[in-house]
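What you see below is based on every heavy atom in this structure, not just the backbone, and it leaves out hydrogens, waters and symmetry mates. This structure is a prediction, so every number in the text was calculated from the model and none was measured.
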Amino acid sequence: MASLRGLAVGAVCLAQLIAGLNGAFGTSMTLRHFREQLDRREAEESNVLVARDLQDLYPARTIQVPVDHFHNDTLYEPHSNDTFALRYWFDASHYKKGGPVIVLQGGETSGLGRLPFLQKGIVAQLAQATQGLGVILEHRYYGESYPTPDFSTENLRFLTTDQALADMAYFAEHVEFEGLEHLDLTASKTPYIAYGGSYAGAFVAFLRKLYPHVYWGAISSSGVPEAIYDYWQYYEAARLFAPQDCVVATQKLTHMVDNILTDKADTDYAQRLKTAFGLGNLTRNDDFAFTISAGIAGLQGLNWDPALNDTEFGHYCYNISSTALLYPSETKLESEARDLLEAGGYGNEADTLAKQLLNYIGYVNTTVVQTCDNNRTQDSCFTSYNSTFYQQDNLKQDWRLWAYQYCFEWGYLQSGSGVPADQLPLISRLIDIDFLSVVCREAFDITTPSQVERINKHGGVYISYPRLAHIDGEWDPWRYASPHRIGLPERKSTLSEPFILIDDAVHHWDENGLFPNETRPGLPPKPVVEAQRAQVKFVKAWVKEWKRERCTKSKRCCA
């Protein structure tokens, strides 16, 4: 797995946020993550996250769309006859008459973060190759596409995948692009191709199936069309593809932690364990178990582009795999580490695991513990329990949006408790459904499992439709929720239904790109280049098919 180690270099977290590639799609989130999201929002409002020149190059436009598309569905009562301004951005620099409209669905984040794809990446590549027009379409409620005056639970009733899908169809049927008003570029006269990554990948797959008369084709990149309530399989990618010394060390030390926190919860060992990690003032054991688990969750943050790559996963694995002491300041804890390993069932491996445990402690101390302001308690920094916070629902509380979506219908709670009993988990079994659903209960009063059947009615991992492409990454933690799930029968890839697995790739690696002067040997990686070239090929074929069909129907010669 040396190649995986090599990818974990040169990260710039700010750049990840700009591109919207890192961490937006996650469901194991706690109060700390929600607070961090608020901080990022403030930074974005200060114009830190998105370069002003991109906003000047691609000014935001809006189209009025209905707040409520489904007046016959009691779920949305009381119904609304209002409209709201849905934001979008477009680039017509490659457009020539007869070209398609390529619409990238922004998904569960501000559309601003997707603007780089109009300039480089898959939207730019497809638009250039087809002489098409590129669009970024913001998802309702996210960014500044507000259908309601606040994010109260009552007003979030219109935040469903079905309503947002109807928005995207409405857009294609009604949009007029500034400067091109003399052309009818609606879906009745122009081929529309949808693209989405992650949640948005599943979204455009459903769009193609539900609105085939509107969207001629769709590309689902790292799409997750099967909703799964207890998504313990999220960590399977790390177990299978991460460096095995990192995996084994994580499993053993996690098992040691669980043995102490469960079997010896009534002894002083639980407190000694938390104290050794520098978290002795953190009251709850589940909060502690979650707080020390972040490192192994970082696989999703890897990207082939050094400017977007999050190095934290490699940093974590380097720390926990090393049998040399990396933090001399932790030497004083060696005897305590051996005692804890003995109490946790690994005393016979203490000669090796003691230093790995000390490195784990040092890693958590520097990356987590020290981030807590000295003026705050550890409970206030790291707990997931705070009813007062969860009741906030003004428009700044955009952490509520994706949380509501996964609590209501998507699920994907990434537990350690769901791992089969005969397999050592990579995160603590104390990280269970009850812990992960605190936000569901406290913020939205949702006390029952997510209504995953609302999503899976579209076919789940078996979803298939003409001109619907599935592009996935071999190492993606979300692969189990995709048509490329390991163990499913292999599908034949065709021009009509492309089915591409990108070797050694993680989460929608085909979406971003480089300017020609930024490329160099091996960058982008060959599998990514091949996947993007394949998309250009089949989208051009789809557009040609659209023109041929229109020619046949009109009985007129078409170019």
Qualifying residues under side chain to side chain donor-acceptor pair (under 3.5 Å), relative to Asp91, sequence neighbours excluded =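 Only Ser93 meet the side chain to side chain donor-acceptor pair (under 3.5 Å) criterion with Asp91.
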
Does a salt bridge link [X] with [Y], judged by any charged N lying under 4.0 Å from a carboxylate O?
{"X": "Glu236", "Y": "Arg239", "answer": "yes"}
{"X": "Arg533", "Y": "Asp510", "answer": "no"}
{"X": "Asp503", "Y": "Lys526", "answer": "no"}
{"X": "Arg479", "Y": "Asp472", "answer": "no"}

Using atom types as modelled and distance alone, determine if a side-chain donor or acceptor of [X] lies under 3.5 Å from a backbone N or O of [Y].
{"X": "Arg140", "Y": "Val67", "answer": "yes"}
{"X": "Trp478", "Y": "His507", "answer": "no"}
{"X": "Thr552", "Y": "Arg548", "answer": "yes"}
{"X": "Asp310", "Y": "Leu302", "answer": "no"}
{"X": "Ser222", "Y": "His508", "answer": "yes"}
{"X": "Arg467", "Y": "Ala218", "answer": "no"}
{"X": "Gln451", "Y": "Glu453", "answer": "no"}

Just wondering, do Pro477 and Gln300 contact through their side chains at under 4.5 Å, heavy atoms?
->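 Side chain of Gln300 against side chain of Pro477, heavy atoms only: contact under 4.5 Å found.
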
Holding to ring-ring contact (aromatic ring centres under 6.0 Å, His included), I want the full list of residues that pass it with [X], two or more places apart in sequence or in another chain.
{"X": "Tyr211", "result": "none"}
{"X": "His470", "result": "none"}
{"X": "Phe171", "result": "Tyr88"}

For Thr190, the side chain to side chain contact (heavy atoms under 4.5 Å, CB included) test, sequence neighbours excluded, returns Val101, Leu185, Tyr192

Sequence neighbours excluded, which residues qualify as side chain to side chain contact (heavy atoms under 4.5 Å, CB included) partners of Ala541?
->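 For Ala541 the side chain to side chain contact (heavy atoms under 4.5 Å, CB included) partners, ignoring immediate neighbours, are Leu495.
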
His69 and Tyr76: side chain donor to acceptor below 3.5 Å | no

Would you say the side chains of Asp150 and Ser152 form a donor-acceptor pair under 3.5 Å?
->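 Yes, side-chain donor-acceptor contact under 3.5 Å.
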
Distance flag, aromatic centroids of Tyr199 and His139, threshold under 6.0 Å = yes

